[in-house]
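Structure first, commentary second.
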Amino acid sequence: MRDMLASQKDFLSNAREVHAKELESAKKAHSDEVATLKNDLEKLRGEVDSKDGAIDSLQSQVKSMQEEHTVVVAKHEKDGSTMRDMLASQKDFLSNAREV
């Protein structure tokens with residue numbers, strides 16, 4: 001009976017050691033996976049920050065180009081108005097010159 005109990009004790013002791021090693025191995029694997037996921041997350045955050053910066057830069061460029069376009073259109077309209085005024089003035093001048 002004592003031999004049987006001793007044998008069971010040894011079996012349980014060995015089983016405990018095996019499970020402890022398996023648990024330690026699982027903990028290490030989990031820890032490694034967590035570290036990998038943290039690194040991946042940091043990389044993704046870096047990419048997001050970089051893309052946010054690129055988006056901000058592009059939005060600024062678009063705004064600048066829109067403002068520049070508005071200025072060019074206004075100048076074009078002003079030049080067109082000036083040309084029409086000059087043409088009207090020359091037309092008047094020529095009409096008056098013919099009358100003389």
Side-chain angles (χ1 to χ4, degrees):
M1 177 90 155
R2 284 185 189 213
D3 288 338
M4 191 167 103
L5 289 175
S7 175
Q8 285 181 348
K9 183 179 177 184
D10 288 342
F11 174 78
L12 291 174
S13 179
N14 287 339
R16 184 183 312 160
E17 286 178 22
V18 168
H19 288 301
K21 288 179 183 177
E22 288 174 354
L23 179 61
E24 191 61 35
S25 177
K27 282 182 181 179
K28 172 130 178 49
H30 177 74
S31 178
D32 290 348
E33 189 174 341
V34 166
T36 299
L37 290 173
K38 282 184 179 180
N39 287 337
D40 291 348
L41 181 60
E42 287 303 313
K43 286 178 187 176
L44 290 172
R45 283 184 178 150
E47 288 177 22
V48 167
D49 290 345
S50 173
K51 290 181 183 196
D52 281 345
I55 288 169
D56 290 344
S57 175
L58 290 171
Q59 286 175 332
S60 177
Q61 288 178 11
V62 166
K63 183 179 179 184
S64 177
M65 291 173 82
Q66 286 172 332
E67 290 170 354
E68 189 175 316
H69 178 262
T70 300
V71 168
V72 168
V73 167
K75 183 182 182 316
H76 179 73
E77 288 174 354
K78 182 180 177 191
D79 288 348
S81 177
T82 301
M83 295 289 254
R84 283 189 293 279
D85 290 347
M86 287 174 60
L87 246 119
S89 175
Q90 286 181 352
K91 186 177 178 184
D92 290 344
F93 175 78
L94 289 174
S95 289
N96 289 337
R98 285 185 188 170
E99 292 176 5
V100 175

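The basis for the numbers below is simple: all heavy atoms, side chains too, and nothing from hydrogens, waters or symmetry mates. Remember, it's a predicted structure, so these values are computed and weren't measured experimentally.
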Open item on the list: Walk me through whether Gln61 and Leu58 qualify under side chain to side chain contact (heavy atoms under 4.5 Å, CB included).
Closed with: CA-CA 5 Å; Gln61 288 178 11; Leu58 290 171; 3.8 Å; yes
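Residues passing the side chain to side chain contact (heavy atoms under 4.5 Å, CB included) test with Glu33 are Leu37, sequence neighbours excluded. Residues that satisfy the side chain to side chain donor-acceptor pair (under 3.5 Å) test with Lys28, not counting sequence neighbours, are Asp32. Residues forming a side chain to side chain donor-acceptor pair (under 3.5 Å) with Lys43 (at least two apart in sequence, or on another chain): none.
Interatomic distance, CG of Asp49 versus CD of Glu47, reported as 10.5 Å (0.5 Å rounding). Taken from NE2 in His19 to CZ in Arg16, the straight-line distance is 10.5 Å, to the nearest 0.5 Å. To the nearest 0.5 Å, atoms CD (Glu24) and CD (Glu17) are separated by 13.5 Å. Put simply, CG on Leu41 and OG1 on Thr36 are 12.5 Å apart, with the number rounded to the nearest 0.5 Å. The CG atom of Leu44 sits 9.5 Å away from the NZ atom of Lys51 when rounded to the nearest 0.5 Å. A distance of 12.5 Å separates NZ in Lys38 from CG in Asp40, rounded to the nearest 0.5 Å.
When atom types are taken as modelled, the side chain of Ser13 and the backbone of Lys9 share no donor-acceptor pair closer than 3.5 angstrom. With Thr82 contributing its side chain and Lys78 its backbone, the two residues share a donor-acceptor pair below 3.5 Å.
Across every non-hydrogen atom of Glu77 and Arg84, the tightest pair is O-NH2, 4.4 Å.
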